[in-house]
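Have a look at the structure below before the remarks.
All heavy atoms count here, side chains included; hydrogens, waters and symmetry mates do not. Fair warning: this is a prediction, and the values are worked out from it, not measured in the lab.
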Amino acid sequence: MHETKDKARGKQNFMLLTEFPYPSGDLHIGHWFSFAVPDILARYYRMKGKNVMYPMGFDAFGLPAENAAIKRNTDPRSWTEGNIKFMTKQLESMGASFDWSRRISTIDPEYYKWTQWLFLKMYEKGLAYRGEALVNWCPNDKTVLANEQVVDNCCERCGTRIEERKLTQWMIKITDYADSLIDDLEGLDWPENTKLAQKNWVGRSEGTSIKFSIFNFQFSNNSSISNKQKKESTGHIEVFTTRVDTIFGVTYLVVAPEHPIIQNQQSRIKNYEEVKKYVEGTRHKTELQRISEASKEKTGVELKGIKAINPANGEELPVWVADYVLASYGTGAVMAVPAHDERDYEFAKKYGLPIRQVVCPNYPKPICPVLDKAYAGEGHLVGSDKFDGMKSQEARDAITKWLEEKGLGKRKKIYRLRDWVISRQRYWGVPIPVIYCRKCGESEKLKVKNEKLRKNYIIKEGVEYKIIPVSESDLPIKLPKLDDFRPAEDGRSPLAKASKWVKVKCPNCGGKAERETDTMDTFVDSSWYYFRYTDPRNKKKFADPKKIKSWLPVPLYIGGAEHNTMHLLYSRFFSKFIADIGFADFKEPFIVRRNHGLIFGPDGFKMSKSRGNVIDPDELVRNFGADVVRMYLAFMTDYLQDGPWDPKGINGVKRFLERVYSLSLKIKNQSANRRTKIKIEGKNSKLEVLMHKTIKKVGEDLESLKFNTAVSALMILLNEMEKENELPVTSYSLLVTLLTPFAPHMAEEIWRSILGKKTSIHGEKWPKFDPKKLSGGTFKLIVQIGGKMRDSFEVEAGTAEEEVKVLTLKRENVRKWIGDKRVEKIIYVPNRIINIVLR
RNA sequence: GCCGGUGUGGCGAAAUGGCAGACGCACACGACUCAAAAUCGUGUGGGAGAAAUCCCGUGUCGGUUCAAGUCCGACCACCGGCACCA
């Protein structure tokens, strides 16, 4: 029933997307929360007349398979495939309306063929390239470790302290899209915190880059620089700042230990030995260690013999090296303004460097407060020559312009976002579809002088190879079977050991060539899977653009908040790229995003085996049935919020469904007509009004993902129906129809065996309510006196305001409260409340 | 440190600025039963009262309003993300 056609006449396509799971081997209650609850929505929208696709797949590459395979002496593929089989069975037990015909799996060569194809497209467009990146290296095991395998800076397996090593890796230039990854967030209906996390991750800062020229100490005798001395300057240091308004407060420069200036100026640095020792001392620490140690106490060494010139006032500045400056951010050098930056302040205090205030927080007063710590806020400029008195913001513009005119500064945006390293020295991933040819590399060596083309060549062990992307017709490059899939000792991928697989013939020259042996980060696989759902069996394209157009962008993507940054960012990037190569016409893949909460254990803690607070869904299904489990998950808490599992609470839903079943005993003239249309009988009776209200409420609640109050509305309806002695079969049918998305099995069972229908309830339409019947003839008016509830009575709907007031003032109860006080005014909110304000 | 989020009965939680605690769990009492379970019924925020009813109550303090859980300001606690990002 749930095989979704690409087109259904008169129906709008709707892909309800949930994050496809990693096949870890066992479905936990969190999976149920993620898939069974949105299934309620899928079924509801289907009944509302949408062509709903509710797809499912497996994100099946990744490290755990390798670990499990080693432990169980099997291979990653059979372990993973076994898990997929088992989990598929479990997923089927939810009664979710997945379209299994569209099932995808990232380890399927028919899927990863297109992962490789997309990689090649990125290579073609210059977005995939080789560059140096740091990896975690265990010196004991002599192997590369994934971030997950590093625990407290130590190797997970042997406990050795890890090092960082620079390896040449495949990278993707996600930074090319940095601006649109921020700017296109606007207009998306996403949780605010998710948007913010994306923004912070990209981390755009707008500021100014400034060149400070440097020169030799012996040329300078005083603080103003002569023309002669300028000519003899020996280079420059470029810094980036967002606070160029503080440039007159610069008292020194700081460069990161990796900064090239230290090598370039080696001969001029008088205390080079000391500097070298300091730099080497920081080298063997990983960046993480440096950050945690250096934030406790900053250290640094002055580069003696070198001075820099402040382009704003010509002043001579000392230059320091310190590891509180990161080589990987900005230019790896900063202008230090101790008066207005906490870090610089701390450093200046420690090493006795001058602190000069140039921003005054309370300017109109002639005296600025004496600083006992850095003032990083905005204010008015002082001690800044012709910029004195300007506000910080104005000054930033003016000073940048001034520096630009002098050719010493430039407006600049920089980003926290780094290019994405996708190489993994791992077995269980998608092979990177590239080969390296030595012969082509050598023969073309002399011809290719153009720097731009040089990026297509690599040098390995002193020999030049040409990078040759695998041709599309040779895809997929299948992952070979391996007996030993542990990483090689030299840090290469396990695939390097598969020599038969590695050796290939070069398609260009016919000579000996080698395959790339790294595999891809699994985030690559999952960055485009929703495209494949639109056309999962296409052999010619990763998806037909027409089908993409008919299903995407995704109208609603429900998932966990743990994907706030990486997965969503990479997916957005991929879909922007796919649009750029002409396969899609949208910028953003997910129009609406909602993060569901987490289910905690009964003890209120995150579920974990070690805590022993894990809830097994299979057992619950055996005891209660799938309908009870899914409906309880919908009912127990706000779907977008975390909530603890209450083992007793589930009884409430169980009772509810049993009572729905028993209620059938009250059906008037039991011979239910199979052609009976669902309609609501009764003449504006209380129950009739409630039925209309419930249709409205359940629908609205589902559309805003308030599953818990939708269930409670159904409970209220049942409670009222139970008060009747007899129930028209149509009313009972209505209840069952409204119940269908929540309890699909039981609704169908009742529909066929009690109501005698021959067609499925899952083909029924969602009932419509009559807006005119949402209230009975009267409403309960709340009477407040001085804002406190004192009385209430029934009033005919539509009674004029004046008359309501008269009726209210006639009430004995009300008169008693008023007593001899004067009525100052009366506020009447139609159909709700009347408030009498006394003097 | 910065940025988000959340604070409501014994518990899970509801409340377009308009009756705080819907719905459910648990509990208590009652009916059914020899009895228990299940089921059904009644009650269930705190305090006072025989009762009608009244007073207090949504993390704390203050403000806006006829009316505040909801809006504004300051603070406290917990959870999550980012973090020498210049």
Take the angle between the ring planes of A/Tyr639 and A/Phe33 and call it parallel below 30°, perpendicular above 60°, tilted in between.
tilted
Please confirm whether the shortest side-chain N or O distance from [X] to OP1 or OP2 of [N] is below 4.0 Å.
X	N	value
A/Arg243	B/A86	no
A/Thr637	B/A13	yes
A/Arg416	B/A83	yes
A/Asn564	B/G80	no
A/Asn708	B/A14	yes

Using a 6.0 Å distance limit plus a 45 degree cone around the ring axis, check whether A/Lys298 lies over the aromatic ring of A/Tyr324.
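Yes - A/Lys298 lies over the ring of A/Tyr324, closer than 6.0 Å to its centre and within 45° of its axis.
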Checking A/Arg593 against A/Tyr557: charged group under 6.0 Å from the ring centre and within 45 degrees of the axis?
yes
Pick base, sugar-phosphate or nothing for [X], based on heavy-atom distances below 4.0 Å to the nucleic acid.
X	result
A/Lys706	sugar-phosphate
A/Arg204	nothing
A/Val837	sugar-phosphate
A/Ile827	base
A/Phe635	base
A/Lys780	base

Please compare A/Lys648 and A/Met335 by the position of their nearest nucleotide in RNA chain B and report the one closer to 5'.
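Final value for this comparison: A/Lys648.
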I want to confirm an ordering. Mapping A/Ile716 and A/Trp817 to their closest nucleotides on RNA chain B, which one lands closer to the 5' end?
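Checking each residue's closest nucleotide, the 5'-ward one belongs to A/Ile716.
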Would you mind pulling out the nucleotide paired to B/U39, Watson-Crick or G-U wobble, both distances under 3.5 Å?
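Per the H-bond distance test, B/A31.
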Rounded to whole angstrom, note down the [atom1] distance from [N] over to [M].
N	M	atom1	result
B/U70	B/U8	P	14 Å
B/G17	B/C61	P	25 Å
B/U60	B/C78	C1'	15 Å
B/G30	B/A20	C1'	30 Å

Classify the glycosidic conformation of B/G57 as syn or anti, calling it syn when the angle lies within 90° of 0.
anti
Taking only residues two or more places apart in sequence or in another chain, which ones pass side-chain contact (heavy atoms from CB on, under 4.5 Å) with A/Lys195?
A/Leu185, A/Leu188, A/Trp190, A/Glu192
Proximity to the side chain of A/Asn719 - top-ranked nucleotide from B/G24, B/G18, B/C82
B/G24
Rounded to whole Å, please give me the gap between CD in A/Glu824 and C1' in B/U65.
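Distance check: A/Glu824 CD to B/U65 C1' gives 14 Å.
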Can you name the closest pair of heavy atoms from A/Leu774 and A/Lys696 and give their distance?
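Looking at all heavy atoms of both residues, the shortest contact is CD1-CD, 3.6 Å.
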